[in-house]
Amino acid sequence: MFNEQRQEEILKVLREQGRVSVEELSKSLKVSSSTIRRDLEEMEGKGLLRRTHGGAIKEKKREAEGMKIFLDTANIEEIKKATDWGLIDGVTTNPSSIVKEGKNLEALTKEITNIIDGPISVEPVATEAGKIVSEAEELAKLYKNIIVKIPITPEGLKAVKILSKGGIKTGVTLVFSSSQALLAAKAGATYCFPFAGRLDDIGQEGMDMVKDIVQVYKNYGFKTEVIVASIRSPLQVEKAALSGAGGVTIPFSVLEKLIRHPLTDEGVEKFLADWKKISK
Ligand code: G3P
């Protein structure tokens, strides 16, 4: 029996039983234990199974999680529309977007949580770790899925560490370099928000930073998700998707632009015009 056939047989057993021992395989496939061990090692290298003491188990397939799309706004009408389209996973706000709506932070956050059942990020305005933590704890009481967004400063990182240990989800914001992102992950942040557009504004390639962050997190197996922020165009969304980032947070105007294409509009118009001809 060739190696390929033998390994196919091993996979078949794993599919049926979930686990198998070297001894069992060596008996059923009539080869030595060392041959089976070599097979298992090779197959583990290909991500086909996971070796255990004396055998192997089926490799769990990573669930496809998809790319997260957050809406970067505190505007209720925009959140309602985007939720209605079924396209967004959550909402990110910041002190500026809250002020723009002229409403109280808690009331507005509650209003948003009544519309969408995903993660909603809100930002404490305190700057000292202890105070950030107390503000964050109050915000976290508003809704089960609150993400406390904290700017990257020494005090901010201290707060992130305390909050993540206490089970409160955090997002480190105003990130402009992969080294800052590395620290955010070390502190235990749930999300990291690199501001791509603001780097572009000062003549740097924001997406290069994003690619570096994605690579750094991959290198060390950090669980922190990269959500690209400060996005101003559909092209940036495409680049973020290609970089392998966990998602983006985008203004409503960009969401609309992502959907539309002049050739789609032209095509729809032509289909309808042609249809009208026969229905006359
Ligand atoms: O969430 C904040 C961030 O997305 C802000 O973007 O356009 O003000 O740089 P921008």
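Position 1 is the first residue of the sequence, and the numbers go up from there. Order of appearance sets the numbers: ligands from 1, and atoms from 1 within every ligand. Just so you know, these numbers use all the heavy atoms, side chains as well, and skip hydrogens, waters and symmetry mates.
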Legend entry - Ion pair Lys81/Asp84, N-O distance below 4.0 Å: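 No salt bridge links Lys81 with Asp84.
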
Inset, instruction - Salt-bridge test for Asp201 and Arg232: reply yes if a basic N is under 4.0 Å from a carboxylate O, no otherwise. - result: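 Yes, Asp201 and Arg232 are salt-bridged.
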
Can you name the atoms of ligand 1, numbered from 1 with element, that are less than 4.0 Å from a heavy atom of [X]?
X      : value
Arg232 : 7 (O), 9 (O), 10 (P)
Phe195 : 2 (C), 3 (C), 5 (C)
Lys149 : 1 (O)

For residues 90-98, tabulate all N or O donor-acceptor pairs below 3.5 Å that involve a side-chain atom, not counting sequence neighbours.
| from | atom 1 | to | atom 2 | distance (Å) |
| --- | --- | --- | --- | --- |
| Thr92 | OG1 | Asp72 | OD1 | 2.8 |
| Thr92 | OG1 | Thr249 | OG1 | 2.5 |
| Thr93 | OG1 | Ser121 | O | 2.7 |
| Asn94 | OD1 | Ser96 | N | 3.0 |
| Asn94 | OD1 | Ser97 | N | 2.7 |
| Asn94 | OD1 | Ser97 | OG | 3.4 |
| Ser97 | OG | Asn94 | N | 2.9 |
| Ser97 | OG | Asn94 | O | 3.1 |

Legend entry - Proximity to ligand 1 by part of Phe193, non-hydrogen separation under 4.0 Å: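 No part of Phe193 is near ligand 1 at this cut-off.
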
Legend entry - ligand 1-proximal atoms of Glu123, by part, heavy-atom distance under 4.0 Å: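 Answer for Glu123: neither.
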
Inset, instruction - Could you tell me how the ring of Trp85 sits relative to the ring of Phe252: parallel (under 30°), tilted (30 to 60°) or perpendicular (over 60°)? - result: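 Rings of Trp85 and Phe252: parallel, as their planes differ by under 30°.
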
What protein heavy atom sits nearest [atom], and how far away is it?
atom                   : result
atom 2 (C) of ligand 1 : Asn94 ND2, 3.2 Å
atom 4 (O) of ligand 1 : Asp72 OD2, 2.5 Å
atom 8 (O) of ligand 1 : Arg198 NH2, 2.9 Å
atom 6 (O) of ligand 1 : Ser230 CA, 3.3 Å

Legend entry - Check: Gln204/Asp200 side-chain N/O donor and acceptor closer than 3.5 Å: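 Looking only at side-chain atoms, Asp200 and Gln204 do not form any donor-acceptor pair under 3.5 Å.
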
Inset, instruction - Using distance alone, determine whether Thr92 and ligand 1 share an N or O pair under 3.5 Å. - result: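 No, no N or O pair falls under 3.5 Å.
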
Legend entry - Thr249 to ligand 1, any heavy atom closer than 4.0 Å: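 Thr249 does not count as a contact of ligand 1 under the 4.0 Å cut-off.
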
Inset, instruction - Check for a donor-acceptor pair, side chain of Gln180 on one end and backbone N or O of Ile152 on the other, with a separation under 3.5 Å. - result: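 Pair absent, no side-chain N/O of Gln180 close to backbone of Ile152.
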
Inset, instruction - Please step through salt bridge (charged side-chain N to carboxylate O under 4.0 Å, His left out) for the pair Asp208 and Lys239, ending with a clear verdict. - result: CA-CA 10 Å; Asp208 282 350; Lys239 285 187 178 173; over 6 Å; no

Inset, instruction - State which residues pass side-chain hydrogen bond (donor to acceptor under 3.5 Å, both in side chains) with Glu9; sequence neighbours excluded, sorted by chain then number. - result: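 In terms of side-chain hydrogen bond (donor to acceptor under 3.5 Å, both in side chains), with neighbours along the sequence ignored, Glu9 is linked to no residue.
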
